[in-house]
*Asks:* 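First the structure, then my questions, so here it is.
The structure presented is a predicted model; accordingly, all values stated were derived computationally and were not measured. Order of the sequence lines sets the chain letters (A, B, ...), proteins ahead of strands, with each chain counted from 1.
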There are 2 protein chains.
Amino acid sequence: MMRGDLRGALRVTKALADAQRIRILMMLERGEFCVCQIVEVLGLAPSTVSKHLSILAAADLVVSRKDGRWAYYRRPDSDPSAGPRAPLDWLNRTLQDDPQIRADRKKLAAVVARRPEELCRKQRMMA
Amino acid sequence: MMRGDLRGALRVTKALADAQRIRILMMLERGEFCVCQIVEVLGLAPSTVSKHLSILAAADLVVSRKDGRWAYYRRPDSDPSAGPRAPLDWLNRTLQDDPQIRADRKKLAAVVARRPEELCRKQRMMA
DNA sequence: ATTATACTTCGCCAAATGGCCACATATACA
DNA sequence: TGTATATGTGGCCATTTGGCGAAGTATAAT
């Protein structure tokens, strides 16, 4: 993208200025996940998570991939020089030992052990 | 400070998620300035600028120094490894050619040429 | 073809944010 | 001491933001 103007930078910093979105980004350091998996870890409504993901995507902090009914999100596998790699690395370093992030990682491990269908079914039951 | 938790990181990212505060930080890359000088460049009410500065200070992105009636703000002259140096460097790189930031730099040059008293006097006249 | 399902978009509401003015505080100068 | 002045704080208001549920969309399964 390479915008390089204040508006573009603000899109990034505003995207980073929310706890749930930071949690999502830290998740995605571990790999590529579908929306229902992210929903399960965050404990928010799917519509809410979807909106967060669209904000992150608009800032080029994540990219999406459709596969059947599922939508997978991951960190862009792009050049480390350009793009907002620097603030993300900083977050990574800073939050390595944060209790919330550690808890998310633990929950993530349990989540990836299941098939996505089960997650979605469970989430429908709760709602 | 070295907080290292999500709350501390959010204080930083939220502080960076505002155009005026980014403009202030870019100004302070050029040196140390008093509130009335920042007011003059941004074109906002002194109370507004003061609040922005307190948000930046709470995130350890600026430090203040009192000298008589004047309060001077600057970037913390601290270790480059710890602290939120990384996102700031990224902003610096990204916004180098932004028109708003360039305009601010130009205005800043005119502002530093005057004595602070004149600026404050002028600002009182306008209000 | 119809139904089920994974996700997104829309509409709404409560809370947070950014702006200003008015006032409070603190320092300097007469 | 008293007054002027540079900055900080509190109250108020308009806008933005984050959350949810309901409805919409698109793909898969029956």
Side-chain angles (χ1 to χ4, degrees), chain A residues 7 10-11 13-24 32-40 42-59 62-74 111 114-127, chain B residues 7 10-11 13-24 32-40 42-59 62-74 111 114-127:
Chain A
R7 185 180 309 195
L10 266 175
R11 237 192 309 263
T13 56
K14 280 175 178 286
L16 296 178
D18 176 88
Q20 330 309 332
R21 288 194 291 268
I22 288 181
R23 292 171 68 196
I24 292 174
E32 183 191 58
F33 302 101
C34 74
V35 178
C36 64
Q37 292 175 311
I38 302 173
V39 164
E40 189 66 19
L42 295 194
L44 295 174
S47 63
T48 304
V49 170
S50 186
K51 189 181 286 188
H52 281 309
L53 286 167
S54 79
I55 291 171
L56 290 170
V62 305
V63 294
S64 63
R65 174 178 72 83
K66 288 285 287 292
D67 181 24
R69 279 173 290 187
W70 282 270
Y72 289 91
Y73 283 83
R74 67 175 187 280
V111 162
R114 305 207 211 168
R115 304 199 333 284
E117 289 96 329
E118 291 181 49
L119 291 174
C120 290
R121 169 183 305 276
K122 197 190 110 190
Q123 286 163 19
R124 259 181 295 114
M125 292 308 178
M126 307 290 285
Chain B
R7 185 182 307 195
L10 265 175
R11 239 195 306 267
T13 56
K14 281 175 177 285
L16 297 177
D18 176 88
Q20 329 309 331
R21 288 195 290 269
I22 288 180
R23 291 171 69 195
I24 293 175
E32 181 190 61
F33 303 101
C34 73
V35 178
C36 64
Q37 293 174 310
I38 301 173
V39 164
E40 189 66 20
L42 295 194
L44 294 174
S47 62
T48 304
V49 171
S50 186
K51 190 178 285 189
H52 280 308
L53 286 167
S54 78
I55 290 171
L56 290 171
V62 304
V63 294
S64 64
R65 173 178 72 84
K66 288 289 284 294
D67 181 24
R69 278 173 292 188
W70 281 269
Y72 290 91
Y73 285 82
R74 66 175 187 282
V111 161
R114 304 206 212 168
R115 303 199 332 284
E117 290 95 329
E118 290 181 50
L119 290 174
C120 290
R121 167 183 308 277
K122 198 191 110 191
Q123 287 162 19
R124 260 180 294 116
M125 292 307 179
M126 306 291 284

*Asks:* In whole Å, I'd like the distance from the CD1 atom of Ile22(B) to the C1' atom of dG18(C).
*Replies:*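 The answer, rounded to whole Å, is 15 Å.
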*Asks:* Starting at atom CG of Leu16(B), determine the distance to atom P of dG18(C), rounded to an integer number of angstrom.
*Replies:*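 My rounded result for the distance is 12 Å.
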*Asks:* My understanding is that only residues two or more places apart in sequence, or in another chain, count here; which of them pass side-chain contact (heavy atoms from CB on, under 4.5 Å) with Arg65(B)?
*Replies:*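 side-chain contact (heavy atoms from CB on, under 4.5 Å) list for Arg65(B), sorted by chain: Glu32(B), Asp67(B), Tyr72(B), Arg74(B).
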*Asks:* Side-chain contact test, heavy atoms from C-beta onward, threshold under 4.5 Å: evaluate it for Trp70(A) versus Glu117(A) and give yes or no.
*Replies:*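 Heavy-atom side-chain distance check passes, below 4.5 Å.
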*Asks:* In whole angstroms, how far is the C1' atom of dG18(D) from the CG atom of Leu42(A)?
*Replies:*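 Atom CG in Leu42(A) sits about 13 Å away from atom C1' in dG18(D).
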*Asks:* What is the separation between atom CG on Leu10(B) and atom C1' on dT17(C), rounded to the nearest whole Å?
*Replies:*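 Distance, rounded to whole Å: 15 Å.
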*Asks:* Send over the distance from Ile38(B) CD1 to dG8(D) C1', rounded to a whole Å.
*Replies:*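 Distance, rounded to whole Å: 14 Å.
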*Asks:* Determine the minimum heavy-atom distance between Val39(B) and Pro46(B), stating which atoms define it.
*Replies:*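 Heavy atoms of Val39(B) and Pro46(B) come nearest at CG2-CA, 3.7 Å.
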*Asks:* Please pick, from dC20(C), dG18(D), dC20(D), the nucleotide with the shortest atom-to-atom distance to any side-chain atom of Ile55(A).
*Replies:*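 Nearest nucleotide to the side chain: dG18(D).
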*Asks:* Rounded to whole Å, please give me the gap between CE in Met125(B) and C1' in dT5(D).
*Replies:*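 Answer to the nearest Å: 12 Å.
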*Asks:* What integer distance in Å separates Leu56(A):CG from dT17(D):C1'?
*Replies:*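 Between C1' of dT17(D) and CG of Leu56(A): 14 Å.
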*Asks:* Report yes if the side chains of Arg124(B) and Arg121(B) come closer than 4.5 Å at any heavy-atom pair, otherwise no.
*Replies:*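 Yes, side chains in contact.
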*Asks:* Is the closest side-chain heavy-atom distance between Met125(A) and Lys122(A) below 4.5 Å?
*Replies:*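 A side-chain contact is absent here, since even the closest heavy-atom pair is not under 4.5 Å.
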*Asks:* Roughly how far, to the nearest 0.5 Å, is the CD1 atom of Ile55(B) from the CD1 atom of Ile24(B)?
*Replies:*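 Interatomic distance, Ile24(B) CD1 to Ile55(B) CD1, rounded to 0.5 Å: 9.5 Å.
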*Asks:* Assuming nearest nucleotide by heavy-atom distance, tell me which of Gly68(A) and Asp18(A) is located more 5' along DNA chain D.
*Replies:*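 This one resolves to Asp18(A).
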*Asks:* I want to check one thing: is the phosphate of dT17(D), taken as OP1 and OP2, less than 4.0 Å away from some side-chain N or O of His52(A)?
*Replies:*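 No, no such contact exists.
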*Asks:* Please state how far atom CG in Asp67(B) lies from atom C1' in dA28(C), giving the value in whole angstrom units.
*Replies:*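 So the CG-C1' distance, Asp67(B) to dA28(C), works out to 12 Å.
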*Asks:* Which atoms of nucleotides 6-8 of chain C (N or O only) lie under 3.5 Å from a protein N or O atom, and what are those distances?
*Replies:*
from	atom 1	to	atom 2	distance (Å)
dA6(C)	OP2	Arg124(A)	NH2	3.3
dA6(C)	O3'	Arg69(A)	O	3.4
dC7(C)	OP1	Val35(A)	N	3.3
dC7(C)	OP1	Ala71(A)	N	3.4
dC7(C)	OP2	Cys36(A)	N	3.2
dT8(C)	OP1	Tyr73(A)	OH	2.6
dT8(C)	OP2	Ser50(A)	OG	2.7
dT8(C)	O5'	Ser50(A)	OG	3.1

*Asks:* In Å and rounded to the nearest 0.5 Å, what is the CG to OG1 distance from Leu53(B) to Thr48(B)?
*Replies:*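 The distance works out to 11.0 Å.
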